[in-house]
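From a predicted model like this one, the values you see are computed outputs, not experimental measurements. All values below come from the heavy atoms of this structure, side chains included, with hydrogens, waters and symmetry mates left out. Just so it is clear: chains get the letters A, B, ... in the order the sequence lines come, proteins before strands, and each one is counted from 1.
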Number of protein chains: 2
Amino acid sequence: MKTLDIATVSKRSGLPASALRYYEEKGLIASVGRQGLRRQFAADVLQRLNLIALGRAAGFSLDDIARMFGPDGRPAIDRERLSAKADEVDRTIVRLTALRDTLRHAAACPASDHLACPSFQRLMRQVEGTR
Amino acid sequence: MKTLDIATVSKRSGLPASALRYYEEKGLIASVGRQGLRRQFAADVLQRLNLIALGRAAGFSLDDIARMFGPDGRPAIDRERLSAKADEVDRTIVRLTALRDTLRHAAACPASDHLACPSFQRLMRQVEGTR
DNA sequence: GGGTGGCCTCAAGTCGGCTTGAGTTCGGAG
DNA sequence: CTCCGAACTCAAGCCGACTTGAGGCCACCC
């Protein structure tokens, strides 16, 4: 099995080597050995890093993510938590949508003081309402 | 003009008093005086705090937000930046939508190993694609 | 075979946004 | 009047996710 040098993994994943070492320390990824001093990784580490990036984007902490990989190293993902997270992300989307509309309005509205603009106020309340 | 005690502002805004003091120190809000030791705020501070929360939700840092209030204290919002931020939020929404779909799939898909599931992989690439 | 650049370890530092703790001062109730 | 609880100040601490720095080792290129 061809292994990847840390520099290669860094280049392909876009993560600095220091972050990869940090992830290894946290148990998120594992190196398969060394060549001299240099860590070597199995090729599937790249997919794992994608998965980690996915989790991060979903708002999971690195510790959360570490717990999602079973001790065997395979993803042992709790479906309920995923579902809950999907709902949470969904709420975030609703919120951000209201927010985006508010920002667009503020950018376009000619009123000098947004605080005085009724539609700005309405939009702001809408953002509030989604909390 | 009726002024609000810091405790009242804290209660109504949901922010701890320490955060309000911190915001004041950063120049995000201003107290109008003291009653004994206690800060008093003008009533419109609540709206200002809403605005600040809005900015935070949009991903602005407190420093960014501070710069958006002119030295006169009125919002002196740069329309271009708002527009740019709206676009950014929009991209985030697209990204989160793909993410939510991926999470939902992972929660529902019976495959034991998501990495092997073609539709999971497709969804993951979609999330990647929005970066 | 000797540079040199990139990897190594370990500890410490950074950043944003607050929170916490110690020690102090009051406003308002009893 | 006397207390209590809450606000005050100032400095320090915390959290997550890394980055940076110092001091060493080594593979590879000429």
Regarding A/Ser31 and A/Glu24, is there a side-chain donor-to-acceptor distance under 3.5 Å anywhere? yes
A/Gln121 side-chain N/O to A/Leu115 backbone N/O, donor-acceptor pair under 3.5 Å: yes
With the sugar-phosphate defined as primed atoms, P, OP1 and OP2, and the base as all remaining atoms, what B/S/- string results for nucleotides 17-23 of chain C, 5' to 3', for protein heavy atoms under 4.0 Å? BBSB---
Measure the distance from CD on B/Gln40 to C1' on D/dA7 and round it to the nearest whole Å. 11 Å
Expressed in angstrom and rounded to an integer, what is the separation of A/Glu24 atom CD from C/dC7 atom C1'? 13 Å
Looking at A/Leu4, is its backbone amide N or carbonyl O close enough to the side chain of A/Thr8 to form a donor-acceptor pair, meaning the two atoms are under 3.5 Å apart? no
Examine D/dT9: is either OP1 or OP2 under 4.0 Å from a nitrogen or oxygen in the side chain of B/Arg34? Give yes or no. yes
Do A/Ser10 side-chain atoms and A/Leu15 backbone N/O form a donor-acceptor pair below 3.5 Å? yes
Euclidean distance, atom CG of residue B/Asp5 to atom P of D/dG5 [Å, nearest integer]: 18 Å
Please report, rounded to the nearest Å, how far the P atom of D/dA7 is from the CG atom of B/Leu37. 11 Å
OP1 or OP2 of D/dT9 versus the side-chain N and O atoms of B/Arg39: is any pair under 4.0 Å? yes
Euclidean distance, atom CG of residue A/Asp64 to atom C1' of D/dC15 [Å, nearest integer]: 14 Å
If only atom types and distance count, is the side chain of A/Asp78 paired as donor or acceptor with the main-chain N or O of A/Arg81 below 3.5 Å? yes
Between P of D/dG16 and CD of A/Glu25, the distance in whole Å: 14 Å
For A/Glu128, is there any backbone N or O sitting under 3.5 Å from a side-chain donor or acceptor partner on A/Arg95? no
Whole angstrom value for the distance that separates C1' of D/dT9 from CG of B/Leu20: 16 Å
Distance check needed: C/dC8 C1' versus A/Arg38 CZ, whole Å only. 9 Å
